[in-house]
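Just so you know, these numbers use all the heavy atoms, side chains as well, and skip hydrogens, waters and symmetry mates.
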Amino acid sequence: MTAATHSTLFPQVPETADAVLDGLDPEQREVALALSGPVCVLAGAGTGKTRAITHRIAYGVRAGILQPASVLAVTFTNRAAGEMRGRLRQLGAGGVQARTFHSAALRQLQFFWPKAVGGDLPRLLERKVQLVAEAGARCRIRLDRNELRDVTSEIEWAKVTQTVPADYPAAVAKSVRDAPRDPAEIGQIYAMYEQLKRDRAVIDFEDVLLLTVGILQDRHDIAEQIRRQYQHFVVDEYQDVSPLQQRLLDLWLGDRDNLCVVGDASQTIYSFTGATPDHLLNFRNRHPQATVVKLVRDYRSTPQVVHLANGLLNQASGRAAEHRLELISQRDPGPEPVYTEYADEPAEAEGTARRIRDLIAAGVPAGEIAVLYRINAQSEVYEQALADAGVPYQLRGAERFFERQEVREAGIALRGAARAGGNDSLLDDAEDLPSQVRAVLSTKGWTAQPPAGSGAVRDRWESLAALVRLAEDFARAKSGATLSDLVAELDERAAAQHAPTVQGVTLASLHAAKGLEWDAVFLVGLTEGMMPITYAKTDEQVEEERRLLYVGVTRARLHVSLSWALSRAPGGRASRRPTRFLKGLRPGSGSGSGSRGSFGAFGSVGAGAAGGVERAVGGGRRKPRGPVLCRVCGATLTEAGAMKLMRCEDCPSDMDEALYERLRDWRSGQAKELGQPPYCVFTDKTLMAIAERVPATDGELSSISGVGVRKLDRFGADVLAICAGGEGGAGEDEN
């Protein structure tokens with residue numbers, strides 16, 4: 001969140017129903033005016049689908065056509081539901097229910113359980129992993145941690161596809177699904193898991209849907225009561241509904257057809273959870289009289305990004321591909337996509353971090369940059385590279401902002417200060433709203449400078465810093481706003497789950513990036529075996545991997561960079577190949593509709609480049625090197641942290657503890673002087689490596705991973721002096 005965006009954070013509520021329609025394009029306006037009967041909105045990435053459906057609901061409410069309490073809008077994530085509630089509130093339609101399928105079903109289940117079943121609703125099991133582990137043990141089947149996670153996912157898939165334990169092996173065979181273990185064994189574990197739940201009177205999240213469906217099927221009086229309550233339904237991300245969710249939706253609807261669905265078959269990426277685009281693709285067969293509107297005007301991405309996205313789908317096959325939408329960018333031209341080939345994964349991470357640092361220096365906020373990868377295990381090397389480059393980052397997590405402990409505590413403190421008013425000594429020297437908030441939150445751990453590291457302390461600080469930035473934006477947007485006004489705004493946002501943005505480059509998997517967008521997106525690790533992933537065997541599984549890459553590309557507004565590494569570790573055999581999905585799109589890879597010119601803001605093609613793809617070895621400043629071996633046991637090292645230390649993580653350390661502490665003290669002083677978090681000077685791992693190897697020359701120091709040319713020039717003399725027994729100086733300013 002930046003000052004530049006504050007004017008859009010607190011927009012004025014439209015004065016009339018017609019004013020709600022202002023600013024909509026012709027297709028969006030058509031959606032907003034289609035308020036009766038079945039409506040199917042086929043909405044491409046970046047085409048303003050949330051805008052269209054929220055304005056549709058708000059227009060219906062403001063025009064008196066829809067009663068707010070009679071509308072139920074459902075989507076798939078708490079974040080998306082929160083965004084929808086926030087937008088509806090800003091449009092003057094705050095009484096509309098916007099929930100996930102599970103949230104809506106749980107409310108109904110809690111309300112009707114005493115009437116339908118009697119007694120209290122069984123306790124909801126927050127995490128099923130422990131119970132699955134116990135079920136496995138009862139069946140004398142030993143599961144390691146990874147198998148346990150995968151078997152748990154299989155049970156979830158079976159339940160949302162309405163597959164009972166006895167039918168699981170046959171269902172797996174029919175779906176051509178790769179089970180993590182023998183399907184018969186998983187069926188046994190699944191059956192025992194269900195038995196344990198019954199014995200302990202607990203239910204899981206899938207049971208919430210299953211039990212709600214069961215009650216609505218068996219108790220027509222309860223079904224009719226819900227249908228009288230909700231007359232109009234809107235379903236976002238309809239390509240992701242599971243058979244179980246569709247069954248629940250059918251029961252909510254009954255014999256009515258006041259249903260608006262919104263989706264894009266080309267963004268179906270969750271089939272492993274039971275999601276299927278069939279319901280979207282078959283909608284017009286089920287509802288022949290449906291109004292169908294296509295949204296293809298892309299307001300998010302430049303023509304260059306859209307051209308790449310369209311090119312990916314032009315090569316697709318299968319039923320979803322037959323219904324693909326050809327996007328049309330509405331933005332001015334921007335830089336061309338950048339394609340870069342690296343020698344190894346650490347070089348790819350370091351090169352990516354350098355480019356990100358350059359983008360930030362050029363004015364792109366860190367919070368508007370993302371690094372996206374296929375699996376979460378790829379994040380570590382990028383975390384290390386960004387930390388070494390002095391770039392703040394955040395890992396994409398699932399916890400909702402206003403549910404974090406530190407945010408709840410901050411809200412209590414701000415509410416108390418607002419009530420105390422002038423009687424709170426904390427506010428004596430605070431002249432305006434932002435300074436009042438900073439003063440209050442300083443008692444909860446907020447400081448002007450972020451703490452070192454990237455763990456829980458840093459996460460807490462980032463949450464509080466986001467509240468401080470929100471207060472600054474609120475004060476600019478609402479002249480004369482008081483602390484009480486801000487507390488009221490926070491309460492409304494908490495109710496709507498409308499969270500402020502935490503700054504820092506986002507590291508996320510492609511799946512976790514769905515529904516988000518950034519100015520600049522780096523798509524990394526794009527090699528065969530990772531994209532598509534090795535276990536994508538069937539044509540449909542491979543096509544879903546293509547759609548996953550499409551989702552990643554369409555997250556970018558302006559800059560998109562695609563990269564791959566020829567080997568995993570430095571000195572490894574260069575046997576990897578770039579993903580097949582870029583064939584015909586990346587320059588020099590054959591015919592196709594690919595990139596059409598220079599490499600824009602990310603840089604130009606180097607002298608060694610062939611066919612428009614940058615060939616980079618550590619960003620052009622690093623020489624190839626052989627395998628990195630543990631200096632203790634001689635094993636080949638592959639993990640970034642181990643390579644930095646030049647030893648296996650579990651091999652004994654010969655670190656000079658006193659030297660390490662002196663280096664940490666020096667780093668703290670440097671960070672304070674530079675106004676940066678300590679890890680931007682050197683990470684803990686880099687300091688450990690220095691304290692273990694005690695370098696005496698520039699060459700020895702520069703050989704340590706994390707000490708590049710820039711940091712050697714800036715901090716080398718100090719570090720070498722400390723290693724020699726001195727205290728180190730203040731360091732030179734960087735021009």
Min side-chain heavy-atom separation Y550-S266 under 4.5 Å: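 With C-beta onward as the side chain, the pair touches.
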Could you state the interatomic distance from CZ (F581) to CG (L312), rounded to the nearest 0.5 Å?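 Taking CZ in F581 and CG in L312, the distance rounds to 8.5 Å.
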Regarding Y238 and Q246, is there a side-chain donor-to-acceptor distance under 3.5 Å anywhere?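 Judged by distance alone, the side chains do pair up.
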Looking at E544 and R547, is there a salt bridge between them, counting it only when a charged N and a carboxylate O are closer than 4.0 Å?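 Yes.
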Does CG belonging to N285 count more than 12 external heavy atoms closer than 6.0 Å?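 Enclosed.
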What's the separation between atom SG in C40 and atom CG in L280, rounded to the nearest 0.5 Å?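 C40 SG to L280 CG: 5.0 Å, rounded to 0.5 Å.
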Salt bridge K197-E194, side-chain N to carboxylate O under 4.0 Å: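 Yes.
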Between L308 and L585, does a side chain to side chain contact (heavy atoms under 4.5 Å, CB included) hold up when you go through it step by step? CA-CA 7 Å; L308 173 58; L585 297 173; 4.1 Å; yes
Going through the checks in order, is the side chain to side chain contact (heavy atoms under 4.5 Å, CB included) test met by L253 and F233? CA-CA 8 Å; L253 276 167; F233 295 85; 3.7 Å; yes
Listed by chain and number, what are the side-chain hydrogen bond (donor to acceptor under 3.5 Å, both in side chains) partners of E368, not counting sequence neighbours?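 In terms of side-chain hydrogen bond (donor to acceptor under 3.5 Å, both in side chains), with neighbours along the sequence ignored, E368 is linked to R557.
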Could you grab the distance from atom CG of L548 to atom CZ of R374, nearest 0.5 Å is fine?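 That separation rounds to 5.5 Å.
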I'd like to know if the side chain of Q108 reaches the main chain of I226, judged simply by a donor and an acceptor atom lying under 3.5 Å from each other, with no hydrogens or angles considered.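 No.
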Taking all non-hydrogen atoms of both residues into account, name the closest pair between V172 and P183 and its distance.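 Nearest pair, atom of V172 first, then P183: CG1-CG, 4.3 Å.
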Please confirm whether the backbone N or O of I186 pairs with a side-chain atom of R181, one donor and one acceptor, at under 3.5 Å?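 Absent.
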Looking at every non-hydrogen atom in both residues, tell me the closest pair between L325 and A43 and how far apart they are.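 In this case the closest contact between L325 and A43 is CD1-C, 3.7 Å.
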Exactly one of V39, L259, D278, V292 should register a side chain to side chain contact (heavy atoms under 4.5 Å, CB included) with F283. Which one does?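 Only one option passes, and that is L259.
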May I have all residue pairs that pass side chain to side chain donor-acceptor pair (under 3.5 Å) and include part of residues 36-49, sequence neighbours excluded?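 Those involving residues 36-49 are K49-D236, K49-E237.
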Considering all heavy atoms of both residues, which atom of L91 and which atom of R62 are nearest to each other, and what is their separation?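 The answer is O-NH1, 2.9 Å.
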Check step by step if side chain to side chain contact (heavy atoms under 4.5 Å, CB included) holds for Y393 and T506. CA-CA 6 Å; Y393 67 87; T506 298; over 6 Å; no
Are the side chains of V160 and Q245 in contact, using a 4.5 Å heavy-atom criterion?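 No, every pair of side-chain atoms sits at 4.5 Å or beyond.
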Measure across T554 and R300 and return the closest heavy-atom pair with its distance rounded to 0.1 Å.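 Closest heavy-atom pair between T554 and R300: O-NH1, 2.7 Å.
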Would you call the rings of F101 and W252 parallel, tilted or perpendicular if under 30° counts as parallel and over 60° as perpendicular?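 F101 vs W252 ring planes: parallel.
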Validation row: Y382, V524 side chains within 4.5 angstrom (heavy atoms):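 Yes. Closest side-chain heavy atoms under 4.5 Å.
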Answer with yes or no whether the side chains of R56 and Q28 bring together a donor and an acceptor at under 3.5 Å.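 Absent: no donor and acceptor within the cut-off.
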With side chain to side chain contact (heavy atoms under 4.5 Å, CB included) as the test, pick out the partner of M84 among T54, V96, V74.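 That would be T54.
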Basic-acidic side-chain contact under 4.0 Å: K159, D207: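 Salt bridge flag = yes for D207 with K159.
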Below 4.5 Å, heavy atoms only, C-beta onward: do V241 and L249 meet side chain to side chain?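 With C-beta onward as the side chain, the pair stays apart.
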Minimum side-chain heavy-atom gap V234-I57 below 4.5 Å: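 When only atoms from C-beta onward are counted, I57 and V234 do touch, with a gap below 4.5 Å.
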Distance-only, no hydrogens or angles: does the Q231 side chain make a donor-acceptor pair with backbone N or O of R228 under 3.5 Å?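 Checked: pair present.
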Could you tell me the separation between the OG1 atom of T268 and the CG atom of D240, rounded to the nearest 0.5 Å?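 Answer rounded to 0.5 Å: 6.0 Å.
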Compare every heavy atom of G552 with every heavy atom of V521, then report the nearest pair and how far apart it is.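 Scanning both residues, the minimum pair turns out to be CG1-O, 3.9 Å.
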Taking all heavy atoms of Q267 and all of Q239, pick out the closest pair and write down the distance.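 Nearest pair, atom of Q267 first, then Q239: O-NE2, 3.8 Å.
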L106 side chain reached by F205 side chain, heavy atoms, under 4.5 Å: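 Result no, sub-4.5 Å side-chain heavy-atom pair not found.
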Atom pair CD (E326) and CZ (R324), whose distance is rounded to the nearest 0.5 Å: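 E326 CD to R324 CZ: 7.5 Å, rounded to 0.5 Å.
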Taking atom NZ of K294 as the centre, does the number of heavy atoms from other residues, nucleotides or ligands within less than 6.0 Å exceed 12?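 Counting neighbours around NZ of K294, 12 or fewer heavy atoms of other residues, nucleotides or ligands fall under 6.0 Å, so no.
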Measure from the side-chain N and O atoms of Q330 to the backbone N and O of R297, and report whether any donor-acceptor pair falls under 3.5 Å.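 Answer holds: no.
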H55 side-chain N/O to V20 backbone N/O, donor-acceptor pair under 3.5 Å: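 At least one qualifying donor-acceptor pair exists.
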Has R286 got a side-chain atom pairing as donor or acceptor with N282's backbone, closer than 3.5 angstrom?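 No: the side chain of R286 does not pair with the backbone of N282.
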Charged N to carboxylate O under 4.0 angstrom, R319 versus E540?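 Looking at E540 together with R319, the answer is no, because their closest N to O distance does not fall below 4.0 Å.
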Worked verdict on V553 versus L523 for side chain to side chain contact (heavy atoms under 4.5 Å, CB included): CA-CA 8 Å; V553 169; L523 299 161; 3.6 Å; yes
Is the shortest side-chain heavy-atom distance between I155 and V132 below 4.5 Å?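 I155 reaches V132 side chain to side chain.
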Check: Q541 main-chain N/O paired with T538 side-chain donor or acceptor under 3.5 Å: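 Side chain of T538 to backbone of Q541: a pair is present.
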Tell me, yes or no, whether the heavy-atom count around F111 atom CZ, taken from other residues, nucleotides or ligands under 6.0 Å, exceeds 12.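 Atom CZ in F111 is not packed in, count stays at 12 or less.
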Between R256 and R227, is there a donor-acceptor pair closer than 3.5 Å when you use the side chain of the first and the backbone of the second?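 Yes: the side chain of R256 pairs with the backbone of R227.
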Side-chain donor/acceptor of Q97 to backbone N/O of G95, under 3.5 Å: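 No, the answer is negative, given that no donor and acceptor are paired below the 3.5 Å cut-off.
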Name the residue from L251, L210, L109 that meets the side chain to side chain contact (heavy atoms under 4.5 Å, CB included) definition with I215.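 Output: one option passes, namely L109.
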Decide if atom CZ of R577 counts as having more than 12 heavy atoms of other residues, nucleotides or ligands within a radius under 6.0 Å.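 No.
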State the CD1-CG distance between I65 and L35, to the nearest 0.5 angstrom.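 So the CD1 of I65 and the CG of L35 are separated by 5.0 Å.
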Can you find a heavy atom in the side chain of D264 that is under 4.5 Å from one in the side chain of L42?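 They are not in contact (no side-chain heavy atoms under 4.5 Å apart), so the answer is no.
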Are the side chain of S509 and the backbone N or O of I375 linked by a donor-acceptor pair below 3.5 Å?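 No, the answer is negative, given that no donor and acceptor are paired below the 3.5 Å cut-off.
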Can you see whether E154 engages Y190 through a side-chain donor-acceptor pair at a distance of less than 3.5 angstrom?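 The criterion, which ignores hydrogens and geometry beyond distance, is not satisfied for Y190 and E154.
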